[in-house]
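Side chains are part of it too, since the values below use all heavy atoms of this structure and drop only hydrogens, waters and symmetry mates. Predicted model only: the values in this text are computed from it and were never measured. Note on naming: letters A, B, ... go to the chains in the order of the sequence lines (proteins, then strands), and numbering restarts at 1 for each one.
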Amino acid sequence: MESKYDPKTTEARWYAQWRDAKYFKPESAPSPNGTYTITIPPPNVTGSLHMGHAVCYTIQDALGRWQRQLGKKVLILPGVDHAGIATQNVVEKEIAQEGLTRHDLGREKFLERVWIWKKRFGERIISQMQGLGCAFDWDRERFTMDDDYVDAILEEFVRMFDAGMIYRGARVINWCPRCATALSDIEVEYVERDSHLWHIRYDFADGNGSVTVATTRPETMLGDTAVAVNPDDPRYAGMAGRELLLPLTDRRIPLIFDSYASMEFGTGAVKVTPAHDLNDYEAGKRHGLPMMVVIGESGKMTAEAGDKYAGLTREECREAVVEDLEASGNLVQIEDYKHSVGTCERCHTIIEPLLSEQWFARMAGTTMIANAIAAIESEEIKFVPDRYKRISVDWLENIKDWCISRQLWWGHRIPIYYAHDGKFTAAKTREGAAARLGVSPESLRQDDDVLDTWFSSALWPFATLGWPNDTEDLREFYPTNVLTTAREILFLWVARMIMTGIEFTGQKPFDDVYIYATVLDKQGRRMSKSLGNGIDPLEMIDKYGADALRFSLMRLASKGQDIRFSEDRIPEARNFCTKIWNAARFVNMNLDDGLDITQRVGANEAYTVPERAILSKLQATVATVSSSLASYDLDVACEALRGFFWDDYCDVFVEWSKSVQRGDDAAAKARVQLVLWHVLETFLRLAHPFMPYLTEEIWHALPHDGDTVMYTLWPTVNEALVDPAAEEGLNAPQRYLREIRAAHQELGVPIQEQQLLQINEDVDAASVSSILKAFDPRLALANVGQEQIEGGATGFWLPVSANVQMFLPDSASIDLAGLQTKIKKQIAATEKSLASVQGKLNNPNFISKASEEAVTKSRADEAANLNELEKQQRQLAAVAARLG
RNA sequence: GGGCGGUUGGCUCAGGGGUAGAGCGUUUCCUUGACACGGAAGAGGUCACAGGUUCAAAUCCUGUACCGCCCACCA
């Protein structure tokens with residue numbers, strides 16, 4: 001093994017080897033224990049992967065590698081999403097730099113450009129996942145625009161259409177004037193804005209009085225077709241049906257009664273613009289009001305807005321209208337007002353609610369929704385953390401119909417075909433539609449719109465496995481086991497996969513939904529392009545290695561808590577990788593050639609205390625890492641691995657083993673080597689899901705059995721090796737040693753002069769002595785456990801811990817006064833702690849009401865404190881006697 | 001307006017009814033034959049605040065404050 005670990009060359013070498021050997025394919029591994037499937041959330045082809053993706057794919061890879069070691073036939077199916085609106089936007093931005101719009105290119109040429117983009121970024125994304133070390137089955141990689149995937153979408157659409165779940169209608173929808181498309185409700189992002197509330201006076205047409213309305217959007221008044229007041233509002237009693245003169249126009253509009261007008265807000269009168277506000281639209285429908293579209297799809301005022309305003313942008317028109325209202329004297333007041341404004345999730349342009357013909361999927365009240373709710377409520381599909389269960393159900397229970405048509409070019413064309421006579425139907429093909437309508441295919445016109453991206457991603461877990469065909473993959477790997485995803489697409493994606501999965505396959509799409517931590521920057525802000533605070537995973541891999549990045553992310557990603565991440569968190573993990581490398585190198589260089597690894601460590605052999613202790617702790621680590629993986633507590637697993645390896649294995653066991661290696665007991669050497677190797681090899685298998693490259697590299701450098709650590713079996717707990725007594729047998733001497741060292745430091749006596757130790761505890765004196773000498777060879781311990789001083793040396797016994805005394809010969813020059821002060825301080829502390837425990841024990845309520853366990857523990861605490869106090873007092877006495 | 005999460009040593013976070021834990025940082029010592037991306041020893045917290053329940057509260061309950069997120073037809 002090289003003295004320094006080089007992640008870069010190691011990672012590249014292993015990934016290529018794994019891939020060439022087809023290790024990632026479920027068919028390759030010995031798999032007697034069933035299947036385990038993950039269809040990874042397909043990233044958008046909009047750009048490269050960010051840290052959130054790195055967390056996502058790292059977790060899934062770790063879960064997959066773990067399950068593979070458990071003997072499962074593991075399929076992790078990768079892919080990318082065409083991401084309609086998002087991708088169209090980035091390509092539009094790209095061509096804008098050439099001074100072009102998509103309309104300059106035309107649909108066909110523009111789509112060519114998008115495909116070029118897709119190829120470039122799709123490949124980059126795949127190589128990024130591979131750089132992370134992801135053991136995904138690349139032969140099964142899917143894209144949401146693959147032919148067979150498209151077939152699944154057509155199937156979905158036609159089935160829903162035939163079931164009456166898809167309809168076309170004119171409704172007020174969310175329109176993004178910049179993207180020039182409709183959006184669904186959940187693609188709108190609300191942001192708080194400082195604005196104004198404009199109070200405008202509408203005079204009655206008969207010249208008798210007026211009504212003042214308040215609005216945040218004065219420009220929409222040009223499309224007002226009524227003013228509404230609450231029927232119970234005494235201020236407007238009997239005024240229903242009276243006509244108002246709409247300012248700046250010559251139109252007359254009615255005053256209507258509708259309970260949607262709140263009496264508490266402003267004057268209680270609300271202007272009604274049915275074509276540009278969802279509530280107003282509903283009110284307009286209730287009252288049969290005309291709907292005037294005054295703002296067009298481009299965000300500019302239409303001819304309906306009047307000659308004066310037509311052609312102005314919404315913003316320009318607002319200024320003009322306010323100015324004109326001021327001039328006409330109708331502007332009563334301008335109030336500062338903070339409210340939230342809907343914006344486009346993709347381009348952040350302010351949404352225009354717009355009356356428009358769109359395709360909708362019926363959601364509310366359908367069995368599709370009911371079944372999804374039932375699956376979540378019954379926990380047939382389990383959410384982790386479980387609070388997302390309630391959130392998901394709430395959303396589904398209040399679901400509205402879903403606007404699925406988009407006026408985009410990049411996406412799946414809606415499979416609706418229109419005949420000349422206006423009749424239309426849905427079909428997978430033009431020919432199919434022609435047959436349904438009884439006309440010729442040539443006479444049909446296909447709808448120009450495309451489908452919402454999420455309409456296609458909703459099928460991901462099963463369309464990727466071949467649905468609607470009854471494929472072998474679908475039968476074998478569906479339902480999948482876990483969906484690991486980001487919180488922000490819980491409704492957009494997760495809920496919809498559950499809906500469609502149950503609807504179309506009759507089965508839930510996955511058992512568990514694991515919502516992982518969001519990666520934030522150091523200040524707790526979202527990482528985003530506009531803030532420029534993102535960190536490029538590939539750059540970090542290049543700098544620290546993939547294993548270090550993976551480990552740092554998983555170690556920080558505790559369940560339900562967001563991660564504040566910055567580059568300076570990675571060295572911690574990188575240092576751990578280095579530590580593992582160096583320890584392995586040390587172990588490896590000390591292994592004798594004849595090590596027989598078929599002789600795995602068993603329980604029956606006569607191991608020394610430190611050997612039994614490390615084997616025992618290894619069992620605990622196996623248990624913790626296994627259960628933490630099962631409950632998605634990857635941070636806990638990482639911490640268990642780190643603590644065990646660094647503290648228990650390196651700092652204690654490996655250090656101790658040096659004394660054996662230095663000695664001349666051949667049998668002891670062979671034994672310790674076997675334990676060193678066994679623990680390390682087991683650790684590598686445990687750590688492999690988290691740091692695949694490093695573990696593979698070391699595993700191969702060590703004696704091993706097999707071709708890859710990927711296919712080794714997951715370690716199990718060997719109860720026979722669980723040995724708390726041995727752990728204590730190792731802990732105790734370490735405690736003594738700390739105290740001996742402290743005492744020597746305190747006394748100013750070199751530790752080399754320490755020869756004798758007296759121990760009153762029930763310990764194996766020989767073992768303690770040997771462990772002590774192993775950790776500090778400077779100790780010239782001649783005897784442990786004997787009070788008799790050989791050779792008639794004179795000196796005094798200083799208690800160093802409750803049951804241990806060390807001998808200080810007269811020759812030592814000792815700072816007794818300093819020691820005295822220190823012991824007195826310790827006594828005070830012990831007394832305080834003793835008083836606290838005794839206070840508890842003297843409380844009759846505690847004795848009678850507390851659990852037996854708690855009382856027992858307190859009694860033990862009291863005894864320990866008393867013991868400690870006694871020792872300290874003896875110490876003090878010993879020193880005092882010495883001081884004379 | 002409703003809901004959810006958070007508030008623990010300088011920083012980032014675990015934990016969770018029985019006298020506070022980790023990593024990083026920091027202090028002192030150590031270039032000892034795996035590792036200075038290291039080792040040894042140490043300092044450092046009345047667990048946001050106020051009430052309550054309990055023999056016992058950092059932990060459970062109620063409320064408050066602040067931070068963050070989500071939802072809602074906040075003219």
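Comparing B/A34, B/U19, B/A22 against the side chain of A/Asn582 picks out B/A34 as the nearest. Of the candidate nucleotides B/C70, B/U12, B/U19, B/U19 has the atom lying nearest to any side-chain atom of A/Asp861. Side-chain proximity of A/Phe846 to the nucleotides B/G39, B/C55, B/C13 is greatest for B/C55. When the nucleotides B/C70, B/C13, B/C55 are ranked by their closest atom to the side chain of A/Arg564, B/C13 comes out on top. For A/Thr578, taking side-chain heavy atoms from C-beta onward, the closest of the listed nucleotides B/C37, B/C55, B/G23 is B/C37. The A/Lys840 side chain lies nearest to B/U19 when the options are B/U19, B/C24, B/C35. Nearest to the side-chain atoms of A/Arg555 among the listed nucleotides B/A22, B/A34, B/C71 stands B/A22. Of all nucleotides listed (B/C35, B/A14, B/G5), B/C35 comes nearest to the side chain of A/Glu655. Nearest to the side-chain atoms of A/Ser262 among the listed nucleotides B/A75, B/C37, B/A34 stands B/A75. Residue A/Asn575 places its side chain closer to B/C37 than to any other of B/A75, B/A22, B/C37.
Counting any heavy atom pair closer than 4.0 Å across all strands shown, A/Ser848 reaches no nucleic acid atom. Backbone-only engagement by A/Asp651 is indicated by non-hydrogen atom pairs under 4.0 Å involving sugar-phosphate atoms exclusively. Counting non-hydrogen atoms under 4.0 angstrom, A/Lys857 reaches the backbone sugars and phosphates but no base. Residue contacts for A/Cys577: at a heavy-atom cut-off of 4.0 Å it reaches no nucleic acid atom on any strand shown. Within the 4.0 angstrom heavy-atom criterion, no nucleotide atom of any strand lies near A/Lys522. A/Asn865 comes within contact range of at least one nucleobase, with a heavy-atom separation under 4.0 Å. Residue A/Ala269 is classed as a base contact, given a heavy-atom separation below 4.0 Å to a base. Within 4.0 Å (heavy atoms only), A/Tyr337 reaches sugar-phosphate atoms of the nucleic acid but no base atom. Counting non-hydrogen atoms under 4.0 angstrom, A/Trp646 reaches the backbone sugars and phosphates but no base. Backbone-only engagement by A/Ser558 is indicated by non-hydrogen atom pairs under 4.0 Å involving sugar-phosphate atoms exclusively. Within 4.0 Å of A/Gly268, counting heavy atoms only, lies at least one base atom of the nucleic acid. Using a 4.0 Å heavy-atom cutoff across all strands shown, A/Arg738 reaches sugar-phosphate atoms only and no base atom. Looking at heavy-atom distances under 4.0 Å, A/Ser858 makes no contact with the nucleic acid at all.
Counting heavy atoms from C-beta on, the side chains of A/Ser392 and A/Phe383 come closer than 4.5 Å. Under the 4.5 Å side-chain criterion, counting only non-hydrogen atoms from C-beta, A/Ile771 is in contact with A/Pro610. Counting only heavy atoms from C-beta outward, the side chains of A/Phe775 and A/Val652 approach each other to under 4.5 Å. A/Lys271 is listed as a side-chain neighbour of A/Thr220, based on a closest heavy-atom distance under 4.5 Å.
Checking side-chain atoms of A/Asn230 against main-chain N and O of A/Asp232 turns up a donor-acceptor pair under 3.5 Å. In terms of modelled atom types and a separation under 3.5 Å, the side chain of A/Asp258 and the main chain of A/Ala283 share no donor-acceptor contact.
Taking atom CD on A/Gln561 and atom C1' on B/G15, their separation rounds to 13 Å, with Å as the unit. Counting to the nearest Å, the C1' atom of B/A75 and the OH atom of A/Tyr260 are 6 Å from each other. In this entry the distance linking CD1 of A/Ile515 with P of B/G5 reads 15 Å, nearest Å. Distance A/Tyr388 OH to B/C69 C1': 8 Å, rounded to the nearest Å. Look at CH2 on A/Trp581: it is 19 Å from C1' on B/A36, rounded to the nearest Å. Atom P of nucleotide B/G3 and atom CG of A/Asn398 are separated by 14 Å, given to the nearest angstrom. Rounded to a whole Å, the CD atom of A/Glu488 is 12 Å from the C1' atom of B/C70. For the pair A/Arg741 CZ and B/C30 P, the computed distance is 15 Å after rounding to whole Å.
For the P atom pair drawn from B/G3 and B/G10, the interatomic distance equals 34 Å after rounding to whole Å. Here, B/G63 and B/A20 have their C1' atoms 26 Å apart, quoted to the whole Å. Here the separation of B/G51 from B/A65, taken at their C1' atoms, is 15 Å to the nearest Å. Here, B/G15 and B/C70 have their P atoms 23 Å apart, quoted to the whole Å. Rounded to whole Å, the separation between the P atoms of B/G6 and B/G17 comes to 14 Å. Comparing the P positions of B/U27 and B/A58 gives an interatomic distance of 33 Å, to the nearest angstrom. Nucleotides B/G5 and B/C60 place their P atoms 11 Å apart, quoted to the nearest Å. The C1' atoms of B/A22 and B/G9 are separated by 12 Å, rounded to the nearest whole Å.
When all heavy atoms of A/Tyr516 and A/Gly52 are compared, the closest pair comes out as OH-O, 3.6 Å.
Close to B/A34, at under 4.0 Å from its OP1 or OP2, lies a side-chain N or O of A/Lys658. Note on A/Lys4: every side-chain N or O is 4.0 Å or more away from OP1 and OP2 of B/C35.
No N or O donor and acceptor, one from the side chain of A/Arg387 and one from the base of B/C4, sit under 3.5 Å apart. Side-chain N/O atoms of A/Lys579 and base N/O atoms of B/C35 include a donor-acceptor pair closer than 3.5 Å.
At most 12 non-hydrogen atoms from other residues, nucleotides or ligands lie less than 6.0 angstrom from CD of A/Glu2.
Nucleotide B/G45 has no partner under the Watson-Crick or G-U criteria, as no pair reaches both atom distances under 3.5 Å. Remark: B/A58 base-pairs with no nucleotide; criterion is Watson-Crick or G-U wobble with both hydrogen-bond distances under 3.5 Å. When both distances must be under 3.5 Å, the Watson-Crick or G-U wobble mate of B/A40 is B/U28.
Toward the 5′ end of RNA chain B lies the nearest nucleotide of A/Glu572, the other residue of the pair A/Arg526 and A/Glu572 mapping further downstream.
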From CA spacing to verdict: ring pair (Phe, Tyr, Trp, His ring centres under 6.0 Å), A/Phe576, A/Phe551: CA-CA 9 Å; A/Phe576 183 40; A/Phe551 197 80; 5.2 Å; yes
